[in-house]
Chemist: 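Following this message is one structure expressed as structure tokens.
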Amino acid sequence: MRRVLLAMLLLVGLAACGADNKWASDDAVSKAAYRHPGPATLSLFTVISNRTGGGAHSALMINGHERVIFDPAGSWAHPRLPERHDVIYGITDPAVDYYIDYHARITYHVIRQDIDVSPEFAEMAIRLVEQNGPVPKAHCASSVGHILRKLPGFEDAPTGYSPKKIMTYFAGKDGVREEKFYDDDPHLNNTIVATGI
């Protein structure tokens, strides 16, 4: 009986560490495609605890031939935004606002860092996140760091489990623009309804 219980606990533990395997259809991804009219850009989102100052989540937004968010091991989703292995498509301005609002609350704020890149750089970044596959829970910063390390000029990016280290590293790049977003919403934001996406 003890062996059976241990085996069941092991299976539950493995399931908790597993990655989401979402895979939207080609049609859904194609219909959702959106390119922001601004320059090719790489954007890092970092969610910071207002209580401890520690990093809680990392994600990358890339504006190339289309704009996507690589949200590794993230919980954010919208029924009109198709997802494939942590890459979310159809990232319009209202979708970006919704992404930030979902994460910012009384307990967390969001730091967005943008850097303009070449169109070729943006396309390389999109290919890398699309080829990455699903990310296990708690590996957001690690996966963002590994993606960055494959991009020219970011080869020395940290690859540990600290979103704040990635953010500090990104801040040291020339031309980075930074914004902070605070929200006094006391809720977990799991009931937010985004319109206009």
Side-chain angles (χ1 to χ4, degrees), residues 34-76 81 86-130 132 135 138-183 185 189 194:
Y34 169 80
R35 186 195 187 283
H36 189 268
T41 311
L42 186 66
S43 303
L44 177 69
F45 292 108
T46 309
V47 180
I48 301 289
S49 169
N50 292 334
R51 186 174 57 83
T52 68
H57 188 57
S58 291
L60 280 176
M61 181 169 69
I62 307 152
N63 187 43
H65 73 279
E66 63 181 314
R67 189 161 68 176
V68 303
I69 289 180
F70 174 55
D71 192 37
S75 60
W76 181 73
L81 301 176
D86 298 314
V87 179
I88 304 165
Y89 297 85
I91 305 301
T92 61
D93 287 342
V96 175
D97 293 342
Y98 173 42
Y99 183 84
I100 292 168
D101 187 54
Y102 175 86
H103 291 91
R105 58 193 80 148
I106 199 165
T107 48
Y108 294 97
H109 67 278
V110 176
I111 297 178
R112 175 180 173 174
Q113 296 165 302
D114 299 300
I115 187 167
D116 294 343
V117 296
S118 70
E120 295 77 19
F121 184 105
E123 294 315 308
M124 183 186 303
I126 290 173
R127 281 195 309 275
L128 286 170
V129 299
E130 288 179 329
N132 190 72
V135 175
H139 286 69
C140 58
S142 174
S143 61
V144 166
H146 279 96
I147 293 294
L148 289 175
R149 278 191 168 228
K150 296 175 183 177
L151 294 167
F154 290 82
E155 294 90 350
D156 57 344
T159 56
Y161 291 88
S162 171
K164 205 163 180 181
K165 284 186 179 176
I166 299 274
M167 181 188 74
T168 301
Y169 169 81
F170 209 86
K173 294 294 177 185
D174 289 340
V176 169
R177 303 176 301 279
E178 183 175 293
E179 285 184 88
K180 295 182 181 179
F181 300 88
Y182 292 87
D183 193 333
D185 184 352
N189 288 345

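Just so we're clear, the structure is a prediction, and the values are computed from it rather than from any experiment. What's counted below: heavy atoms across the whole structure, side chains too, no hydrogens, waters or symmetry copies. Numbers for residues simply follow the sequence, beginning at 1.
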Chemist: With sequence neighbours left out, write down each residue that passes ring pair (Phe, Tyr, Trp, His ring centres under 6.0 Å) with Tyr99, or none if nothing qualifies.
Modeler: Phe45, Trp76, His103
Chemist: CZ of Arg105 to CG of Asp183: how many Å apart, nearest 0.5 Å?
Modeler: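 Between atom CZ of Arg105 and atom CG of Asp183 there are 9.5 Å.
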Chemist: Checking Ser142 now: which residues fulfil side chain to side chain contact (heavy atoms under 4.5 Å, CB included) with it, not counting sequence neighbours?
Modeler: His146, Tyr161
Chemist: For Asp71 versus Ala59, what's the shortest heavy-atom pair and its separation?
Modeler: OD1-CB, 3.6 Å
Chemist: If you round to the nearest 0.5 Å, how far is OG1 of Thr46 from CG of Leu60?
Modeler: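 These two atoms lie 9.0 Å from each other.
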Chemist: Just to verify, what does Tyr34 make a ring pair (Phe, Tyr, Trp, His ring centres under 6.0 Å) with, not counting sequence neighbours?
Modeler: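 Tyr34: no ring pair (Phe, Tyr, Trp, His ring centres under 6.0 Å) contacts found.
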Chemist: So, taking the atom named CG in Leu151 and the one named CD1 in Ile62, what distance separates them when rounded to the nearest 0.5 Å?
Modeler: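 Those atoms lie 8.0 Å apart.
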Chemist: Only counting residues at least two apart or in another chain, list the ones meeting side chain to side chain contact (heavy atoms under 4.5 Å, CB included) with Pro39.
Modeler: Thr41, Asp116
Chemist: Does a donor on one side chain and an acceptor on the other come within less than 3.5 Å for Asp114 and Ser43?
Modeler: yes
Chemist: With sequence neighbours excluded, what pairs up with Ser49 under the side chain to side chain contact (heavy atoms under 4.5 Å, CB included) test?
Modeler: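 Expected list: Arg51, Thr52, Tyr108.
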Chemist: Taking all heavy atoms of Asn50 and all of Ile106, pick out the closest pair and write down the distance.
Modeler: ND2-O, 3.0 Å
Chemist: Do you know which two heavy atoms are closest between Ile100 and Val110, and how far apart they sit?
Modeler: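 Smallest heavy-atom distance, with atoms named: O-CG2, 3.9 Å.
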Chemist: List the residues meeting side chain to side chain donor-acceptor pair (under 3.5 Å) with Asn132, not counting sequence neighbours, and say none if there are none.
Modeler: none
Chemist: Can you sort out the partners of Glu123 under side chain to side chain contact (heavy atoms under 4.5 Å, CB included), two or more places apart, ordered by chain and number?
Modeler: His65, Ile126, Arg127
Chemist: Specify the closest pair of heavy atoms between Leu81 and Ala95, including all atoms of both residues, with the distance to one decimal.
Modeler: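 Taking Leu81 first and Ala95 second, the nearest heavy atoms are CD1-CB, 4.0 Å.
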Chemist: Do Val144 and Pro72 have side chains that approach each other closer than 4.5 Å (heavy atoms only, starting at C-beta)?
Modeler: yes
Chemist: Going by heavy atoms in the side chains, are His36 and Val96 under 4.5 Å from each other?
Modeler: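 Of all side-chain heavy-atom pairs linking Val96 with His36, none is under 4.5 Å.
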Chemist: When you look at NZ of Lys180, are more than 12 heavy atoms from neighbouring residues, nucleotides or ligands closer to it than 6.0 Å?
Modeler: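 No, NZ of Lys180 has 12 or fewer neighbouring heavy atoms, counting only those of other groups under 6.0 Å.
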Chemist: What residues form a side chain to side chain donor-acceptor pair (under 3.5 Å) with Glu179, not counting sequence neighbours?
Modeler: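 Partners of Glu179 under the side chain to side chain donor-acceptor pair (under 3.5 Å) test: none.
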Chemist: Which heavy atom of Ala73 sits nearest a heavy atom of Ala138, and at what distance?
Modeler: CB-N, 4.2 Å
Chemist: Quick one: CG on Leu44 to CG on Leu148, what's the gap to the nearest 0.5 Å?
Modeler: 7.0 Å
Chemist: Identify each donor-acceptor pair in which a side-chain atom of residues 153-160 lies under 3.5 Å from a protein atom, sequence neighbours left out, and give them as a table.
Modeler:
{"unit_1": "Glu155", "atom_1": "OE1", "unit_2": "Gly153", "atom_2": "N", "d": "2.9"}
{"unit_1": "Glu155", "atom_1": "OE2", "unit_2": "Gly153", "atom_2": "N", "d": "3.3"}
{"unit_1": "Asp156", "atom_1": "OD1", "unit_2": "Tyr169", "atom_2": "OH", "d": "2.5"}

Chemist: To the nearest 0.5 Å, tell me how far Phe170 CZ sits from Leu42 CG.
Modeler: 4.0 Å
Chemist: Is a side-chain donor or acceptor of Lys150 paired with a backbone partner of Met124 at a separation under 3.5 angstrom?
Modeler: no
Chemist: Does any part of the side chain of Leu128, heavy atoms only, come nearer than 4.5 Å to the side chain of Phe70, both counted from C-beta?
Modeler: no
Chemist: For Glu66, what residues pass the side chain to side chain donor-acceptor pair (under 3.5 Å) criterion, not counting sequence neighbours?
Modeler: none
Chemist: Which atoms form the tightest heavy-atom contact between Pro163 and Cys140, and what is the distance?
Modeler: CG-SG, 4.5 Å
Chemist: I'd like to check the salt bridge (Lys or Arg N to Asp or Glu O under 4.0 Å) partners of Arg35; sequence neighbours left out, ordered by chain and number.
Modeler: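 Salt bridge (Lys or Arg N to Asp or Glu O under 4.0 Å) check on Arg35 returns nothing, list empty.
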Chemist: So, taking the atom named CD1 in Ile111 and the one named NE2 in His109, what distance separates them when rounded to the nearest 0.5 Å?
Modeler: 4.0 Å
Chemist: Would you say the side chain of Ile48 lies within less than 4.5 Å of the side chain of Met167, judging by non-hydrogen atoms?
Modeler: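 In short, these two side chains touch, coming nearer than 4.5 Å.
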Chemist: Under the rule for salt bridge (Lys or Arg N to Asp or Glu O under 4.0 Å), what residues qualify as partners of Asp93, not counting sequence neighbours?
Modeler: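 Asp93: salt bridge (Lys or Arg N to Asp or Glu O under 4.0 Å) contacts with Arg67.
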Chemist: With side chains defined as the heavy atoms from C-beta onward, is the minimum distance between Arg112 and Met61 less than 4.5 Å?
Modeler: yes
